[in-house]
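Residues: numbered from 1 along the sequence shown.
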Amino acid sequence: MTKKSSILSRLTSFLVATMLLASIAPAIPAAAAAASQSITLSPTSRTLTIQPGDQATGQLKVLDQGTNALNLKLYTTPYHVSGEEYDQSFTPLPGAPNVASWFKLSQSQATLAASSELDVNYTINVPAGTPAGGYYAVAFAEASGQSNGSKTGVIVSQRVGTIFYLTVGGNLEAKGSILTWKSSFLQKPPLTASLRVANPGNIHFPVNFTTTVKDVFGRTKYSVTTQKEILPQTIRNIEVNWPQSPAIGLVKVGGSVEYLGQTRYLPSRWVLVMSSTARLVVAAIIALLILWTIFPIIKKRKTNKHYKK
C-alpha cells in the first residue's frame, strides 16, 4: 500500500469512527423551561357525533392559576384551517354553515377569583337538514386583568380554547392516504422527519404517527408518537424532530402510521446529522490531511527539479 493510500484509508476510518461514536453516544436531555400560564380551559378538544335535528350538552372548566382575579369573556367561533401547515382561522367559511351559531353557553361573562375554577355548560343544536360530514368550532375563554405584581395598572390578556370536532350523522365518507414520507440524508440538528396525509373524504379522522430513530447497531435512540386530526378536503404536513440530536451521527429513521383502522410501516431512511461546528471541524481535518498528503509530493518535485539544474 502506498503512503497516499494509507493516509486516505486512515482519513476514511477516522470519519466513520467519529460518526459511529456520535451516533451511539447517549443524548443529554435539555432542561425544560417552566411554562407560565395563568388560565386553562379543559378539555382541550371534544369529539362528538350528533344527528341532524338533535342536540348535545356538556361542560367546560376554566381554571385561574394566577394570583389575581380575572374578567372572562366566553364565546364560540367557527374553526377551519388553510395550507398544509394548518394555519388556523376562526371566521366563517363562505357558503358553509356558521357552526358557532349552533352553540349556546351558560354564560358569556364572568369574574374568576384567583386560584379558582368555573364550570361552563354548553348546548349544541344541529339544525335539521344539515348535510352529513365534519363541522368544527372553538369555544374560547378570554381573560383580562391586572398583571401579577403590577403597580402600574398594566392589563394582561390571554385566550384559551376547546376545539370541537363534530360529526353530523348521515352518508359519511372516511378516506385517507399517505402522500409522502421524508427525512433528508444530510441534516443539521435537530433531526426532522415529515409525513403528508391527505383526506379527500367528508369527515375528519385521527392519525397516530410514530417516528423511531435507531443507531447503526439497530438500537433505538429516540421514539415519539404524534396524534393529529386530519380535516376533510385537506392535506396536512406533520413534522416531528429529535430535540436531543447529536452534533454528529449516522442514524436510521423509520416509523409507522395508524389511521382509519389500518397500520402502514414507513421505509427507513439513513440520516447523517452534522452541526455547523461539526461540519467545519470535519472540513478542516480533511483539508489538513490533504495538505499533509500533497506537501511531501510537492516538496519532492521541487527537490528533483533542483538536482536536475
Side-chain angles (χ1 to χ4, degrees), residues 44-49 78-97 99 131-138 163-214 218 220-245 249-274:
T44 56
S45 65
R46 180 69 49 96
T47 302
L48 298 169
T49 299
Y79 175 74
H80 63 91
V81 298
S82 60
E84 295 189 9
E85 304 305 321
Y86 267 40
D87 296 326
Q88 299 178 329
S89 180
F90 306 104
T91 57
L93 276 171
V99 183
Y135 297 87
Y136 313 99
V138 179
I163 300 178
F164 283 83
Y165 297 97
L166 306 179
T167 299
V168 175
N171 184 21
L172 300 174
E173 293 182 292
K175 299 178 182 179
S177 62
I178 296 173
L179 299 182
T180 58
W181 151 243
K182 292 182 179 179
S183 191
S184 303
F185 172 71
L186 182 61
Q187 299 189 33
K188 294 180 180 179
L191 179 151
T192 61
S194 64
L195 179 79
R196 293 172 65 243
V197 183
N199 179 356
N202 68 352
I203 185 63
H204 55 277
F205 61 84
V207 163
N208 287 308
F209 174 29
T210 299
T211 308
T212 303
V213 180
K214 296 183 178 182
T220 300
K221 307 298 294 181
Y222 179 71
S223 183
V224 63
T225 297
T226 303
Q227 185 178 74
K228 299 291 185 181
E229 291 285 343
I230 313 300
L231 302 189
Q233 302 301 311
T234 67
I235 295 173
R236 184 164 194 172
N237 181 59
I238 306 172
E239 187 172 282
V240 297
N241 63 72
W242 180 15
Q244 288 84 36
S245 304
L250 182 64
V251 295
K252 184 179 283 190
V253 183
S256 62
V257 186
E258 297 177 7
Y259 67 102
L260 296 177
Q262 59 181 311
T263 301
R264 292 274 304 275
Y265 293 95
L266 303 172
S268 297
R269 314 282 192 200
W270 284 106
V271 175
L272 175 59
V273 181
M274 294 183 71

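- The shortest side-chain heavy-atom distance between Thr226 and Thr211 does not fall under the 4.5 Å cut-off.
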Report, one line per pair, each donor and acceptor closer than 3.5 Å where one atom sits in a side chain of residues 187-207; sequence neighbours left out.
{"from": "Gln187", "atom 1": "OE1", "to": "Thr192", "atom 2": "N", "distance (Å)": "2.8"}
{"from": "Gln187", "atom 1": "OE1", "to": "Thr192", "atom 2": "OG1", "distance (Å)": "3.3"}
{"from": "Gln187", "atom 1": "NE2", "to": "Ser183", "atom 2": "OG", "distance (Å)": "3.2"}
{"from": "Gln187", "atom 1": "NE2", "to": "Ser184", "atom 2": "O", "distance (Å)": "2.9"}
{"from": "Gln187", "atom 1": "NE2", "to": "Thr192", "atom 2": "O", "distance (Å)": "3.2"}
{"from": "Lys188", "atom 1": "NZ", "to": "Ser276", "atom 2": "OG", "distance (Å)": "3.2"}
{"from": "Arg196", "atom 1": "NE", "to": "Glu84", "atom 2": "OE1", "distance (Å)": "2.8"}
{"from": "Arg196", "atom 1": "NH1", "to": "Thr180", "atom 2": "OG1", "distance (Å)": "3.4"}
{"from": "Arg196", "atom 1": "NH2", "to": "Glu84", "atom 2": "OE2", "distance (Å)": "2.9"}
{"from": "Asn199", "atom 1": "OD1", "to": "Gly201", "atom 2": "N", "distance (Å)": "2.9"}
{"from": "Asn199", "atom 1": "ND2", "to": "Ile203", "atom 2": "O", "distance (Å)": "3.0"}
{"from": "Asn199", "atom 1": "ND2", "to": "Ile230", "atom 2": "O", "distance (Å)": "3.0"}
{"from": "Asn199", "atom 1": "ND2", "to": "Leu231", "atom 2": "O", "distance (Å)": "3.3"}
{"from": "Asn202", "atom 1": "OD1", "to": "Glu173", "atom 2": "N", "distance (Å)": "2.7"}
{"from": "Asn202", "atom 1": "ND2", "to": "Asn171", "atom 2": "O", "distance (Å)": "3.2"}
{"from": "His204", "atom 1": "ND1", "to": "Tyr136", "atom 2": "OH", "distance (Å)": "2.8"}

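- Between Ser245 and Tyr222, every side-chain heavy-atom pair lies at or beyond the 4.5 Å cut-off.
- Applying the side chain to side chain donor-acceptor pair (under 3.5 Å) test to pairs two or more places apart or on separate chains, those with a residue in residues 87-96 are Tyr79-Gln88, His80-Ser89, Ser89-Thr91.
- Here the CD1 atom belonging to Ile163 is positioned 9.0 Å from the CD atom belonging to Glu229, to the nearest 0.5 angstrom.
- With values rounded to the nearest 0.5 angstrom, Lys228 atom NZ is found 11.0 Å from Glu239 atom CD.
- Looking at heavy atoms from C-beta onward, Ser223 lies in side-chain contact with Thr210 at the 4.5 angstrom threshold.
- The ring-ring contact (aromatic ring centres under 6.0 Å, His included) test applied to Phe164 returns Phe103, Tyr122, not counting sequence neighbours.
- Legend: residues meeting side-chain hydrogen bond (donor to acceptor under 3.5 Å, both in side chains) with Gln227, ordered by chain and number and at least two apart, are Asn208.
- With sequence neighbours excluded, the residues satisfying side-chain hydrogen bond (donor to acceptor under 3.5 Å, both in side chains) with Thr234 are Tyr86.
- For Pro94, the side chain to side chain contact (heavy atoms under 4.5 Å, CB included) test picks out no residue, with sequence neighbours left out.
- When side chains are defined from C-beta on, Val253 does not count as touching Trp242, because their heavy atoms never get closer than 4.5 Å.
- Note that the NZ atom of Lys175 and the CD atom of Gln233 stand 9.0 Å from one another [nearest 0.5 Å].
- For Thr263, the side chain to side chain contact (heavy atoms under 4.5 Å, CB included) partners are Ser256, Glu258, Tyr265, not counting sequence neighbours.
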